[in-house]
Amino acid sequence: MDRVDLAVVGGGVIGALIAREAVAAYPDATVAVLERGLIGQGASGRSAGVHFPRGATERVRSMSEHSQRVWEYLAAELGLPIRAVPATVVAAAGDADAVSAAYLRLGAESAPARGWAVPPGSRAWDLDGCQYADVQAVTARVLAGLRDRVTVLEGTEVTDLSFNGEHHRLTLGPGQELSARRVVLAPGPWIAHPAWADLVAPLGLRVKKVVAAHVEGTPAAGDPLVVLHDDDAFLLPLHERGHYLFSYTCTRWDVAPDDAGLVLEPSDLAEARATLGRFAPGLVDRCTSGRVFCDAYSPRREPVVAELLPGLVFAGAANGSGYRLAPAIAAETVAALDLTPTGATSPPLRRQS
């Protein structure tokens with residue numbers, strides 16, 4: 001049986017950042033990332049990849065600020081596909097105090113951008129520090145820079161977990177077993193996987209459908225990200241793809257990420273158009289397609305970093321903000337682990353034939 005100090009289950013953006021944080025804090029620790037598909041092609045591959053400095057609670061605001069600093073550093077260090085974007089926040093005039101408290105880099109009141117209007121009774125403010133990313137490419141590039149220190153196993157599903165009081169044993173789909181002193185579960189929306197469903201259940205997490213409509217039309221240079229505060233929605237110019245993305249709050253709960261019925265439905269586009277039409281009626285007819293997936297949500301709407309067994313930590317339930325808060329989730333997760341090596345470890349893992 002191969003042995004490592006840390007096994008990270010899940011090769012999305014959160015898992016990748018946890019691996020990076022772990023080897024930075026514990027350079028001598030052996031780390032493996034286990035991904036049942038390809039790196040970054042689960043929920044991360046469908047993410048809009050938007051970051052704006054906001055948080056409904058003090059903890060989330062602190063996590064947002066920390067993550068922004070880390071993303072700025074990594075973008076420069078690794079040449080990540082992250083693009084800064086100007087932004088505007090729109091909210092009801094009576095919500096000015098709540099907006100000021102939630103957004104960390106709120107600027108002066110601003111005028112409407114091209115193609116949309118501030119509804120009667122609402123106000124708009126500039127917002128600094130916003131960006132968006134190709135999350136799948138970001139995830140792959142972060143782990144590519146770690147492969148001399150981290151073992152990355154793709155196409156490797158964890159089918160069973162057990163604990164003997166000292167080490168965790170992971171049974172892997174390709175016929176391997178792995179012994180790990182510490183395990184991090186970063187499964188994204190796959191919280192009900194049989195290998196860990198019973199461990200995760202007490203956290204009270206639920207999985208919600210996430211819908212982002214694609215709005216045809218080439219964004220102009222300087223078009224802003226428009227955050228609709230009261231609707232928990234945003235309109236993002238995707239310059240590299242040549243269209244806009246409109247994310248709104250879908251309220252379909254308790255879906256499964258592998259459900260063949262988790263698709264874009266006519267009702268999804270109708271809901272998107274109804275929300276978009278209040279702010280940019282000229283874009284409604286261009287809202288003709290989109291992307292669908294899901295994410296895990298916590299009861300308090302804050303990310304969860306929780307020890308489920310000695311040395312086994314769950315990290316996730318980012319409530320649709322996995323990319324935005326991944327660096328802070330990683331920092332909290334590694335702080336909850338003791339990865340100080342206790343003795344000799346095995347050579348890097350190799351796939352069994």
Side-chain angles (χ1 to χ4, degrees), residues 47-68 84-132 206 208-213 215 222-237 244-253 268 270-284 287 295 297-303 317-325 328:
S47 170
V50 173
H51 172 87
F52 41 87
R54 180 183 80 176
T57 67
E58 183 59 36
R59 176 177 173 237
V60 176
R61 286 191 288 273
S62 176
M63 296 178 82
S64 180
E65 188 72 19
H66 173 88
S67 294
Q68 178 154 352
V85 62
T88 301
V89 177
V90 178
D95 291 341
D97 290 343
V99 169
S100 180
Y103 294 86
L104 300 175
R105 301 188 182 186
L106 200 65
E109 285 198 55
S110 59
R114 177 180 69 98
W116 64 275
V118 177
S122 296
R123 298 164 64 183
W125 297 264
D126 291 330
L127 181 65
D128 294 329
C130 300
Q131 43 104 329
Y132 68 93
R206 297 175 69 188
K208 188 175 77 67
K209 184 177 182 179
V210 177
V211 178
V215 181
D223 274 1
L225 161 68
V226 181
V227 180
L228 309 179
H229 176 79
D230 299 316
D231 292 274
D232 195 15
F234 61 82
L235 178 67
L236 171 69
Y244 299 87
L245 180 146
F246 182 66
S247 176
Y248 76 97
T249 300
C250 176
T251 56
R252 180 181 169 190
W253 287 93
D268 298 326
E271 291 175 5
R273 291 169 183 147
T275 303
L276 181 62
R278 297 199 297 273
F279 300 87
L283 298 181
V284 168
C287 183
D295 199 13
Y297 286 69
S298 69
R300 297 181 60 189
R301 299 299 184 266
E302 291 187 349
N319 310 289
S321 297
Y323 166 74
R324 189 167 72 89
L325 301 177

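For the side-chain hydrogen bond (donor to acceptor under 3.5 Å, both in side chains) test, no residue two or more places apart in sequence or in another chain qualifies with S62. Scored by the salt bridge (charged side-chain N to carboxylate O under 4.0 Å, His left out) test, D231 finds R278 as partners (sequence neighbours excluded). Residues passing the side-chain hydrogen bond (donor to acceptor under 3.5 Å, both in side chains) test with K209 are E265, D268, sequence neighbours excluded. The ring pair (Phe, Tyr, Trp, His ring centres under 6.0 Å) test applied to F234 returns no partner, not counting sequence neighbours. Residues satisfying the salt bridge (charged side-chain N to carboxylate O under 4.0 Å, His left out) criterion with D232, sequence neighbours excluded, are R54. Remark: P119 pairs with V90, S122, F279 by the side chain to side chain contact (heavy atoms under 4.5 Å, CB included) rule, at least two apart or across chains. Qualifying salt bridge (charged side-chain N to carboxylate O under 4.0 Å, His left out) partners for R206, counting only residues two or more places apart in sequence or in other chains: D254. By the ring pair (Phe, Tyr, Trp, His ring centres under 6.0 Å) test, Y103 pairs with H229, sequence neighbours left out. Partners of R273 according to the salt bridge (charged side-chain N to carboxylate O under 4.0 Å, His left out) rule, which considers only residues two or more places apart in sequence or in another chain, do not exist here. For S298, the side-chain hydrogen bond (donor to acceptor under 3.5 Å, both in side chains) test picks out no residue, with sequence neighbours left out. With sequence neighbours excluded, no residue satisfies ring pair (Phe, Tyr, Trp, His ring centres under 6.0 Å) with Y248. Contacts of S64 classified as side-chain hydrogen bond (donor to acceptor under 3.5 Å, both in side chains), with partners at least two apart in sequence or in another chain: R324.
In this structure, CG on L276 lies 11.5 Å from OG on S247, to the nearest 0.5 angstrom. If you take CG on L104 and CG on L127, they are separated by 8.5 Å, rounding to the nearest 0.5 Å. One finds the CZ atom of F52 at 12.5 Å from the OG1 atom of T88 (value rounded to the nearest 0.5 Å). To the nearest 0.5 Å, the span separating NE2 on H51 from OH on Y323 amounts to 7.5 Å.
Smallest separation of non-hydrogen atoms from E302 and V60: CG-CG2, 3.7 Å. Scanning all heavy atoms of the two residues, the minimum distance from V85 to D223 falls at CG2-O, 4.0 Å. Taking both residues in full, the closest heavy atoms of L228 and F246 are given as CD1-CE1, 3.9 Å, listed atom of the first, atom of the second, then distance. The two atoms that bring W125 and S110 nearest to each other are C-OG, 3.6 Å, heavy atoms only. Across all non-hydrogen atoms, the minimal contact from D295 to S321 is OD2-N, 4.1 Å. Between P303 and N319 the shortest heavy-atom distance is N-ND2, 3.7 Å.
The closest side-chain heavy-atom distance from L245 to L235 is not below 4.5 Å. Taking 4.5 Å as the limit, every side-chain heavy atom of R252 sits out of range of all side-chain heavy atoms of K208.
Within a 6.0 Å radius of CZ in R300, other residues, nucleotides and ligands contribute 12 heavy atoms or fewer.
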### Message
Would Y297 and W253 count as a side-chain contact (heavy atoms from CB on, under 4.5 Å) here? Give the steps.
### Response
CA-CA 10 Å; Y297 286 69; W253 287 93; 3.8 Å; yes

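One N or O on the side chain of D230 and one on the backbone of A92 form a donor-acceptor pair closer than 3.5 Å. Distance alone, capped at 3.5 Å, is enough to place a donor-acceptor pair between the Q68 side chain and the G129 backbone.
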